Amino acid sequence: MTGRRDEEHSSVRRLVVVGGGSAGWMAAAAFARFIESGWSIDLIESDAIGTVGVGEATIPQIRLFNAALGLDEDEFLRATKGTIKLGIQFVDWWKQGHSYVHGFGQVGRGLGLLGFHHYWLRAQALGLAEPLGSYCPNVIAALRNRFERETQPPGPTRPYMPHAYHFDAGLYAAHLRRHAEARGVRRHEGRILKVELDGESGDIAAVKLESGSGIAGDLFVDCSGFAGLLIGQALGVGYLDWSHWLPCNRALAVPSERTDPVTPYTRSTARGAGWQWRIPLQHRTGNGLVYCADHLSDDEAAFQLLTGLDGQALAEPRQLQFTTGRREAFWHRNCIAVGLASGFLEPLESTSIHMVQSAIERILQFLPAGRPKPASVAEYNRLTVLEMERIRDFIILHYKAGARDDSAFWRTCADMPVPETLSAKMALFREVGRLSHDSHDLFTEAGWVQVLLGQGITPVAWHPLAEQLSETDLAQFLAMQARLCAERATRMGQHDDFLARLLPADTRAEMRA
């Protein structure tokens, strides 16, 4: 009988997550939810290693992840001090004094084979079009500080309005930790002093903690942040530097007082040597300045950040130094890098959490029954490269396109060569408003169109089929689209009222006071 139990125990495979934070606990919670048997799950983190995050912005796919874990949205928003996000406002990016919103969801509705933007381009040339955001209900609602949950399915007269969140990343990690530990994840506190490799295979065999204890594993997920403790330091996987395309290399982050109303969108404001973010939470606002140290000193950056806040700073700014880029491989031997250990793309389009989410999904798809197999590892790496390169191109677009020449930083960005994948996409759009879009592209055609046009890239022509509508029909078509979007947004209540309904009565009274 004892032998039977030992045999069953030995068949259990050990999955070890190194590092906590949002990446580590997202991974642990998902593994606990979807790997029902045959695996043990351990997570190692140290309370002595702090985090810098003062607010995290996301994209709508986070709702799918939370729903898959069984998280209740109201409970999640209360636990993380979260707010709703309908899009991102870009201020001073194309040129100073100009702003546009990259709203989630659709922008107008196409006709036949053509996307809406072809009709909009023709109407704009004829003086018949309103600004592009007038045809996106998310943009209208965001700028009016409105939000209500979807209660009816979208349809021809009811545009779809997806939403994402702003939240405190530390509180999200704590929320997921409670969820994961309740499902059997074992947390180990302490710093890792040594990574032991198997002498024959070169795989990671175990990690040794300060306490002297060792934790062995069969598959290791490296969520150790920029340090890349396993993937980089122990296994020696190199790093591809993308700073020639994305030159910002530092960030300062600081929380400030809550300001009303709490806006349901992230704000990104271009500065002389980078950009500043603003992420509103229920209890405070997260702020940061992403900048290039070659063009701005740390002291100048701190002054610029603190003088650009909407409310009083609640702490001293904290600094991050980084190099944009990615690992040469994300899965190597029996180790998979997730989050900052896998690479870094600045959070201009709020993709950090999503890349953690998609990595977790791929790990579950390629979960090995025994030792990882070369073909599966290669395919995992190939798909991850495709995803990161598409996101990289989208972020580069913001820097490359535009008319700013008021600083050496922006002149450098305008002159820099860009990846061929982005160059071809920009050229195709300029020619006739056409977009090359594939299944590996995270951002929708509507997202690309909003940023391309928002950054001043206007096609010289539109698809000839857009000429088939008479000018009268074209004007009526666009007017109907604008009316439907405005009505959809106007019927929504105020975002602040939505947030207030989440909170207990005594908390609401305290916040009003």
Side-chain angles (χ1 to χ4, degrees), residues 14-24 26-28 31 42-45 49 191-208 215-246 249 320-346 351-352 354-368 370-392 419 440:
R14 300 158 299 180
L15 196 158
V16 180
V17 179
V18 172
S22 51
M26 284 176 70
F31 298 150
D42 294 87
L43 183 143
I44 305 165
E45 69 175 341
I49 300 176
R191 289 179 181 268
I192 293 175
L193 292 184
K194 183 181 179 182
V195 179
E196 296 183 344
L197 303 182
D198 183 270
E200 293 184 9
S201 67
D203 289 353
I204 298 173
V207 293
K208 290 285 187 181
I215 299 174
D218 298 295
L219 185 65
F220 289 81
V221 177
D222 187 351
C223 296
S224 63
F226 289 124
L229 186 61
L230 305 186
I231 195 75
Q233 295 184 33
L235 295 180
V237 175
Y239 193 86
L240 297 178
D241 187 337
W242 285 346
S243 58
H244 51 292
W245 291 318
L246 294 167
N249 51 23
L320 282 173
Q321 297 187 20
F322 56 83
T323 300
T324 52
R326 67 168 179 85
R327 292 287 170 188
E328 292 176 348
F330 308 93
W331 187 340
H332 183 62
R333 299 192 181 278
N334 65 335
C335 174
I336 308 173
V338 172
L340 297 178
S342 69
F344 180 77
L345 292 174
E346 59 187 72
T351 53
S352 300
H354 175 76
M355 286 191 287
V356 172
Q357 177 181 336
S358 61
I360 292 167
E361 180 182 350
R362 276 191 295 275
I363 292 170
L364 290 169
Q365 290 173 347
F366 287 87
L367 190 69
R371 283 199 68 209
K373 301 297 190 295
S376 294
V377 171
E379 181 64 3
Y380 178 97
N381 286 326
R382 184 186 75 86
L383 294 174
T384 308
V385 168
L386 285 173
E387 177 186 55
M388 284 199 74
E389 289 182 345
R390 299 301 189 276
I391 295 172
R392 173 203 67 191
H440 301 293

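From a predicted model like this one, the values you see are computed outputs, not experimental measurements.
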Sequence neighbours left out, what pairs pass side-chain hydrogen bond (donor to acceptor under 3.5 Å, both in side chains) with at least one residue falling in residues 225-246?
Asp241-Ser243

Interatomic distance, CD1@Ile363 vs CG@Leu15, rounded to 0.5 Å, equals 8.0 Å

Residue pairs passing the salt bridge (charged side-chain N to carboxylate O under 4.0 Å, His left out) test with at least one member in residues 370-379, sequence neighbours excluded, are Asp203-Arg371, Glu379-Arg382

Sequence neighbours left out, what passes side-chain contact (heavy atoms from CB on, under 4.5 Å) with Leu193? Give chain and number order.
Glu210

For residues 216-228, pull every pair meeting salt bridge (charged side-chain N to carboxylate O under 4.0 Å, His left out), keeping only residues two or more places apart or in separate chains.
Arg14-Asp218

Which residues pass the side chain to side chain donor-acceptor pair (under 3.5 Å) test with Glu45, sequence neighbours left out?
Trp25, Arg187

Can you pull out every side-chain hydrogen bond (donor to acceptor under 3.5 Å, both in side chains) where at least one residue sits in residues 334-343? Sequence neighbours excluded, please.
none

Taken in chain and number order and not counting sequence neighbours, the residues that satisfy ring-ring contact (aromatic ring centres under 6.0 Å, His included) with Phe226 are Phe344

What closest approach, in Å, do Ala216 and Ala206 show between heavy atoms, and which atom pair accounts for it?
CA-CB, 3.7 Å

A side-chain contact here means heavy atoms from C-beta on lying under 4.5 Å apart; do Phe220 and Val207 qualify?
yes

Taking salt bridge (Lys or Arg N to Asp or Glu O under 4.0 Å) as the definition, give me every residue that meets it alongside Glu196, ordered by chain and number, with sequence neighbours left out.
none

side-chain hydrogen bond (donor to acceptor under 3.5 Å, both in side chains) pairs, two or more places apart, involving residues 320-331:
Gln319-Gln321

For Pro372 against Pro368, the heavy-atom pair lying closest together:
CA-CB, 4.1 Å

Taking side chain to side chain donor-acceptor pair (under 3.5 Å) as the definition, give me every residue that meets it alongside Glu387, ordered by chain and number, with sequence neighbours left out.
Ser358, Arg362

Could you tell me which residues satisfy side-chain contact (heavy atoms from CB on, under 4.5 Å) with Ala329, sequence neighbours excluded, listed by chain and number?
Val237, Asn381

Per side chain to side chain contact (heavy atoms under 4.5 Å, CB included), Leu230 is matched among Ile336, Leu235, Ile204, Val221 by Ile204

Please report the closest heavy-atom contact between Leu345 and Arg392, naming both atoms and the distance.
CD1-N, 3.9 Å

Holding to side chain to side chain donor-acceptor pair (under 3.5 Å), I want the full list of residues that pass it with Ser376, two or more places apart in sequence or in another chain.
none

